[in-house]
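Treat the numbers as computed from the prediction; the structure is a model and nothing was measured. Atoms within a ligand are numbered from 1 in the order they appear, just like the ligands themselves.
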Amino acid sequence: MEIPVRFLPTQTAAPETFLIRQVLGEGMGPVVAPVNTMVIRAEEPVIVDTGLSVTRDPWLEHVFELVDPADVRWIYLSHDDTDHTGAVFELLDRCPSATVVTNMFSVLRMSADRLLPLDRIRIVNPGESFAAGDRELVALVPPTYDSPTTRGLYDRKTGVYWAADSFAIETSRAVDDIDELVPGEFREGFLQTQRMVSPWVGLTDPLKYARHLAIVRDLRPAVAVGAHGPALVGEQVESAFLLFEELPYLPPADLVGQSELELLLAAIAAPQLA
Ligand SMILES: [Fe+2]
Ligand SMILES: [Fe+2]
């Protein structure tokens with residue numbers, strides 16, 4: 001059994017900033033899972049996260065429609081989870097000028113499978129930046145996250161903040177913009193998904209959490225987009241921050257149980273019986 005995956009049309013999030021978008025699980029259950037990566041066609045091109053190993057080849061084709069492998073200078077890994085690192089070794093093979101930008105704990109955690117070449121790594125820690133020609137890109141911890149290694153990436157030139165797993169939204173279908181959702185779906189899907197990603201958020205002191213939110217919020221990003229939801233633009237970004245503020249007060253997320261799994265299995269089997 002394989003999970004269905006489909007590529008959506010590549011989106012432009014800002015000048016020379018592109019989202020390569022996949023959607024997982026269509027037709028399987030009540031929600032779908034977006035998986036985005038980003039390409040910044042800066043003077044020194046940057047690939048931000050590297051997708052899934054199961055769709056590595058078509059993903060590489062999408063990337064190289066935007067940028068020539070010889071021109072790729074930076075590969076930014078927001079963290080070491082496998083849905084963000086799927087093609088990193090292939091990119092290093094195909095892009096001889098590329099350096100991986102990440103943090104040392106990510107490298108160590110990935111080394112359980114394979115060690116990144118240490119002479120092709122640039123370490124950035126929270127608040128530190130690197131230059132990609134005309135862009136200064138700053139590593140900043142996102143509002144929610146599922147790994148101690150997670151750092152988003154803020155582009156000072158365009159105001160785009162790459163949020164890794166944060167700003168994720170479970171939706172009933174793939175959409176280009178949250179304005180396509182039915183009323184209430186954004187709120188419900190957003191709060192559910194943040195708590196799935198960050199179960200620790202319910203343990204936080206609301207005032208301390210608000211100070212954490214301010215790291216990114218005070219930048220007033222023009223666009224906030226992570227790997228698992230549509231790009232939020234303009235006022236949508238602040239709408240999301242208002243929802244983040246609620247997280248410390250909420251109970252844990254609802255989890256999928258055995259009965260839901262059995263319904264899913266029955267739905268998958270049903271067409272084969274017809
Ligand atoms: Fe993650
Ligand atoms: Fe992820």
Side-chain angles (χ1 to χ4, degrees), residues 3-8 11 13 19-26 28-29 31-39 46-56 59 62-63 75-89 91 100-114 116 124-126 139-154 160-171 174-175 189-202 212 215-216 223-232 240 244 247 252-253 255-256:
I3 192 163
V5 187
R6 178 169 69 98
F7 280 83
L8 301 173
Q11 238 179 8
L19 298 175
I20 297 174
R21 302 181 300 153
Q22 304 176 62
V23 58
L24 274 69
E26 286 181 313
M28 288 188 77
V31 292
V32 298
V35 178
N36 305 322
T37 50
M38 192 163 78
V39 174
V46 188
I47 296 170
V48 183
D49 284 336
T50 69
L52 311 166
S53 60
V54 290
T55 51
R56 185 180 294 143
W59 182 84
H62 280 76
V63 170
I75 302 164
Y76 186 78
L77 286 187
S78 66
H79 63 308
D80 52 283
D81 281 350
T82 53
D83 56 326
H84 299 252
T85 62
V88 64
F89 288 101
L91 278 178
V100 176
V101 182
T102 190
N103 55 82
M104 202 59 196
F105 197 20
S106 264
V107 176
L108 290 172
R109 287 161 60 101
M110 288 178 68
S111 69
D113 288 324
R114 186 175 170 188
L116 285 165
V124 291
N125 285 315
L140 294 171
V141 178
T144 47
Y145 53 88
D146 66 1
S147 167
T149 63
T150 305
R151 288 86 174 93
L153 191 69
Y154 181 63
V160 173
Y161 178 66
W162 175 255
D165 291 327
S166 197
F167 292 86
I169 311 168
E170 273 188 357
T171 54
V175 294
F190 188 89
L191 293 174
Q192 164 72 9
T193 315
Q194 304 315 304
R195 287 177 290 161
M196 290 288 293
V197 167
S198 272
W200 51 263
V201 78
H212 170 63
I215 294 170
V216 176
V223 179
V225 59
H228 307 300
L232 303 185
F244 280 125
L247 292 173
L255 300 178
V256 170

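Taking the Fe ion (ligand 2) as reference, the nearest N/O/S atom within H228 carries the name NE2.
Side-chain rings of F7 and H62 approach one another, their centers coming within less than 6.0 Å. Ring centroids of F167 and W162 are separated by 6.0 Å or more, keeping the two rings apart.
Ring orientation note: the planes of Y154 and Y161 are tilted relative to one another, at an angle of 30° to 60°.
H228 and D83 form a side-chain donor-acceptor contact under 3.5 Å, judged by distance and modelled atom types alone. T50 and T85 share no donor-acceptor pair across their side chains, judged by distance under 3.5 Å alone.
In this structure, CG on D49 lies 9.0 Å from CE on M38, to the nearest 0.5 angstrom.
Listed by chain and residue number, the protein N/O/S atoms under 2.8 Å of the Fe ion (ligand 1) are H79 NE2, D81 OD2, D146 OD1, D146 OD2, D165 OD2, with waters left out.
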